[in-house]
Amino acid sequence: MPIKIFNTATRKKEIFQPIQEGSVGIYVCGITAYDICHIGHARAAVVFDVAVRHMRSRGYRVTYVKNFTDIDDKIINRAQKEGVKFTDIAERFIKMHDEDMLALGVIRPDVTPKATEHMDDMIALIKILVDKGFAYAIDGDVYFAVNIFKQYGRLSGRNLEEMLAGARVDINDKKKNPMDFALWKSSKEGEPFWESPWGKGRPGWHIECSAMSRCYLGETFDIHGGGEDLIFPHHENEIAQSQAATGKPLANYWMHNGFVKVNSEKMSKSLGNISPIREILKNNHPEVLRLFMLQSHYRSPVDYSDNSLSEARSALIRCYTSLQLMNDVLKNSADGKAVPGNDKTKAKQKDYINKLKELQDKFNEALDDDFNTAQGLGYVFDAVRLINNLIAAEKKIAVANSAILEEGRKIFKHFGAILGIFHDDPDHFFLTDREMESRKRGLDIGEIERLINERQSARTAKNWDRADEIRQQLAQLHIVLQDSKDKTTWSIE
RNA sequence: GGCGGCAUAGCCAAGUGGCUAAGGCAGCGGUCUGCAAAACCGUUAUUCUCCGGUUCAAAUCCGGAUGCCGCCUCCA
């Protein structure tokens, strides 16, 4: 089954046809390195991470390019404010970005170019545009003349007249048309600059992506991605620059992820509701954040809140509980506690394994369909139920069941490899979860464990009243105890 | 003002023409348990914002109404 992708350019789901059979070139717009990465950056990163993982698992050789904008007005402003070099700002936030992505389990793209490393490419591209008459230089600036590029506005579904009617454009006497955008900006005193045929200056925002995608993926490549806010003007302008210069399409498929809202509001600096990734990860397992985002389709908006994250946590706990159960049963089986089983268990083995394989196929097909991770997760949970059902139904561990559970573990590994979850050891996961939740609620783990030990003694002495009293006491702190034959474990609701 | 999107159970969320409207969270009943928790079994939308239309058949297509949201300015 082929992969289908919703193409922003046509507003339709299309069958993905790569330029070169078996290969995919994908370019995703990365961050401007002037501030800390927030949950919106996390979503974009996770969405394209999963898309790339899935395409690779389907056998495509993927070249994934994600850039860093490391020269820009916002970077310069921040550098001036802090009295440091603009490169210090860019380097600092690129480093923090890399740390955040690592923590989120995002696989590093194959190429992560920086704008400042491609000055010559950008200048060369601008020259072509000037020579072809698509751009004009004035007082050291170079602007792209949007009215000369006839397809301008096609990606975002607008036209120049409508946009001008909106009248929310800067008044700039130098521009021939208010919608023209800068390819090159002359530098003011004290600002960083590069030499160019138009004098000392720096590139406009959009040209870097045209230059870098061309450098690493060629004039036309398969997929161009980014957040939906980039459709206009950034991607529209990229198309204008690149296609005017080469006369060829820039990318065949345009993918855009939806926004993250926070408590039903748009995230913005003025509202002060920016949620940095590293803040969230202080108190939450990174896979909880991933699962939260993957439970919705990538093009829909998601609403981040403590509650939505806590629901995702419960869902992830359900998965890890099942993984832990599988591990425990298999360990017992390996310790020689399994019984041989009979023909009936063998028939059942085949049945279960077939069902599991079917779920894996359905999962893959869901991801083929415009990377529908929400639907895919539905099949993951079906697999959870199937496995739990088997384990609950069997009093004794039959050898045949071990084979099913081995298969189950393999399939969960596959789910996890695509979604970027289930990478933790279940025991470690629950330990981490307890620590994080305790910290969040200001609970004292030592004190909790002392009470549990006391209760354990009471239980051994069959002093049920005292045992229940301690259970009640801990329950008030949202601590739930799980008794087994020889020990008591605990978790936080 | 222009352009676009969304509306599915208590909450989150798939499904975009035809088998029982996925799944998660929460709830309820049962099994298990010293009591619990987890797990399992059962249950929770005769119906997909509303009104019309197309069709043998619509949550799904078309028209209209209402509500919410995004973009048009830096933004993932």
Side-chain angles (χ1 to χ4, degrees), chain A residues 8 11 13 28-32 34-35 37-48 66 72-74 77 153 156-159 161-170 179 205 225-234 236 256-261 264-269 274 291-292 295-297 299-303 305 307-308 310-319 321-322 324-325 362 366 369 372-382 384-385 387-393 395 459 462-465 467-468 471-472 475 479-484 488-491 493:
Chain A
T8 308
R11 279 152 227 277
K13 222 187 261 183
V28 174
C29 291
I31 60 154
T32 299
Y34 78 105
D35 208 344
C37 287
H38 54 65
I39 184 169
H41 299 112
R43 185 175 194 200
V46 167
V47 161
F48 289 102
K66 179 179 162 183
D72 164 274
D73 289 352
K74 292 191 292 296
N77 289 344
S156 52
R158 14 185 128 206
N159 62 57
E161 290 74 43
E162 280 168 2
M163 284 188 270
L164 288 170
R168 288 175 73 180
V169 279
D170 287 341
M179 293 309 295
W205 172 35
E228 66 179 0
D229 54 317
L230 295 180
I231 298 171
F232 189 88
H234 185 52
E236 195 69 71
H256 293 96
N257 65 274
F259 260 50
V260 180
K261 293 193 292 181
S264 307
E265 283 179 324
K266 183 185 162 151
M267 201 169 32
S268 75
K269 298 229 156 151
I274 307 280
L291 190 70
F292 158 67
Q295 272 181 318
S296 303
H297 186 88
R299 280 188 280 116
S300 318
V302 296
D303 193 358
S305 66
N307 187 50
S308 59
S310 129
E311 284 186 3
R313 169 180 170 252
S314 300
L316 190 64
I317 285 174
R318 178 164 164 81
C319 296
T321 302
S322 187
Q324 194 176 43
L325 270 169
K362 283 183 171 171
D369 187 8
N372 194 337
T373 54
Q375 191 174 64
L377 276 164
Y379 298 122
V380 171
F381 285 102
D382 284 346
V384 168
R385 174 167 291 117
I387 294 283
N388 287 347
N389 175 294
L390 172 77
I391 292 172
K395 291 271 181 287
R459 286 182 74 218
K462 295 205 191 299
N463 182 356
W464 306 125
D465 286 347
D468 288 348
R471 181 192 285 289
Q472 284 303 316
I479 293 163
V480 183
L481 305 180
Q482 292 111 255
D483 291 333
S484 63
T488 296
T489 55
W490 61 282
S491 58
E493 251 179 358

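Letters go in sequence order (proteins before strands), and every chain restarts at 1.
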Practice item. Any chance you could list the contact pattern along nucleotides 21-33 of chain B? Use B for base contacts, S for sugar-phosphate-only contacts and - for none, protein heavy atoms under 4.0 Å, 5' to 3'. Key: -BSBS--------
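Interatomic distance, CD of E311(A) versus CG of L316(A), reported as 13.5 Å (0.5 Å rounding). Summarising the geometry, atom CG belonging to D382(A) is positioned 7.5 Å from atom NZ belonging to K362(A); distances are rounded to the nearest 0.5 Å. Here the CG atom belonging to L377(A) is positioned 10.5 Å from the CD atom belonging to Q375(A), to the nearest 0.5 angstrom. Rounding to the nearest 0.5 Å gives a distance of 13.0 Å between CZ of R43(A) and NE2 of H38(A). With rounding to the nearest 0.5 Å, the separation of CD in Q482(A) from OG1 in T489(A) is 4.0 Å. The OG atom of S296(A) sits 12.0 Å away from atom CG of N257(A), with the distance rounded to the nearest 0.5 Å.
G34(B) is unpaired under the Watson-Crick or G-U wobble criterion, no partner having all donor-acceptor distances under 3.5 Å. If you check G70(B) for Watson-Crick or wobble pairing at under 3.5 angstrom, you find it paired to C3(B). With a cut-off of 3.5 Å on both pairing distances, the Watson-Crick or G-U wobble partner of G63(B) is C51(B). Across all strands shown, G29(B) pairs with C41(B); the Watson-Crick or G-U wobble distances both stay below 3.5 Å. Nucleotide A22(B) is matched to nothing when pairs are restricted to Watson-Crick or G-U wobble geometry with both distances under 3.5 angstrom.
Taking atom P on both nucleotides, C11(B) is separated from A45(B) by 14 Å, rounded to a whole Å. C12(B) and C74(B): their P atoms are spaced 33 Å apart (whole Å). Comparing the P positions of A59(B) and A26(B) gives a spacing of 31 Å, expressed to the nearest Å. Nucleotides U47(B) and G42(B) have their P atoms positioned 24 Å apart, rounded to a whole Å. Remark: the separation of the C1' atoms in G23(B) and G64(B) is 34 Å, to the nearest Å. Nucleotides U33(B) and A21(B) have their P atoms positioned 37 Å apart, rounded to a whole Å. On the C1' atoms, C41(B) is 47 Å away from G4(B), given to the nearest whole Å. Taking the P atom of each, C61(B) and G18(B) are spaced 11 Å apart, rounded to whole Å.
Here K266(A) lies in heavy-atom contact (under 4.0 Å) with a base. Looking at heavy-atom distances under 4.0 Å, V260(A) makes contact with a base. Across all strands, S300(A) comes closer than 4.0 Å only to sugar-phosphate atoms, never to a base (heavy-atom distances). Residue contacts shown for G227(A) are limited to sugar-phosphate atoms, with no base heavy atom under 4.0 Å away.
For R158(A), the side chain to side chain donor-acceptor pair (under 3.5 Å) partners at least two apart in sequence or on another chain are S156(A). D369(A) pairs by the side-chain contact (heavy atoms from CB on, under 4.5 Å) definition with K4(A), K13(A), not counting sequence neighbours. In this structure, the side-chain contact (heavy atoms from CB on, under 4.5 Å) partners of N77(A), at least two apart in sequence or on a different chain, are Q80(A). By the salt bridge (charged side-chain N to carboxylate O under 4.0 Å, His left out) test, R318(A) pairs with no residue at all, sequence neighbours left out.
Residue N257(A) has no polar side-chain atom (N or O) positioned under 4.0 Å from OP1 or OP2 of A76(B). For N389(A), a side-chain nitrogen or oxygen approaches OP1 or OP2 of C41(B) to under 4.0 Å.
When each of E265(A) and D229(A) is assigned the nucleotide of RNA chain B bearing its nearest heavy atom, the one mapping closer to the 5' terminus is E265(A).
Out of C75(B), A76(B), A38(B), the shortest distance to the side chain of W205(A) is found at C75(B). Minimum atom distance to the side chain of H38(A) is reached by A76(B), of the listed A76(B), A14(B), C71(B).
At a threshold of 4.0 Å, the pair K266(A)-D229(A) does not count as salt-bridged, since none of the basic side-chain nitrogens sits closer than that to a carboxylate oxygen.
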Using nucleotides 34-37 of chain B, report all nitrogen or oxygen pairs with the protein that are shorter than 3.5 Å.
unit_1 : atom_1 : unit_2  : atom_2 : d
G34(B) : O6     : R455(A) : NH2    : 3.3
G34(B) : O6     : R459(A) : NE     : 3.4
G34(B) : N1     : D468(A) : OD1    : 3.1
G34(B) : N2     : D468(A) : OD1    : 2.8
G34(B) : N2     : D468(A) : OD2    : 2.4
C35(B) : O2     : D468(A) : OD1    : 3.2
C35(B) : O2     : R471(A) : NE     : 3.2
C35(B) : N3     : R471(A) : NH2    : 2.9
C35(B) : N4     : D483(A) : OD2    : 2.8
A36(B) : N6     : D483(A) : O      : 3.3
A36(B) : N1     : D483(A) : N      : 2.8
A36(B) : N3     : R471(A) : NH1    : 3.2
A36(B) : N3     : R471(A) : NH2    : 2.9
A36(B) : N3     : L481(A) : O      : 3.4

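One atom, NZ of K261(A), and another, C1' of G70(B), lie 9 Å apart when rounded to the nearest Å. For the pair R11(A) CZ and C6(B) P, the interatomic distance rounds to 11 Å; values are reported in whole Å. Nucleotide A76(B) holds its P atom 9 Å from the CE atom of M267(A), rounded to whole Å. Atom CD1 of I479(A) and atom P of A38(B) are 15 Å apart (whole Å). Counting to the nearest Å, the P atom of C75(B) and the CZ atom of F232(A) are 12 Å from each other. Whole-Å rounding puts the E228(A) CD to C74(B) C1' distance at 16 Å. Put simply, CG on N372(A) is 8 Å from C1' on G15(B), counting in whole angstrom units. The distance between atom NZ of K13(A) and atom C1' of U16(B), rounded to the nearest whole Å, is 8 Å.
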Practice item. Go through K462(A) and W464(A) one step at a time and tell me if the side-chain contact (heavy atoms from CB on, under 4.5 Å) criterion holds. Key: CA-CA 5 Å; K462(A) 295 205 191 299; W464(A) 306 125; 3.9 Å; yes
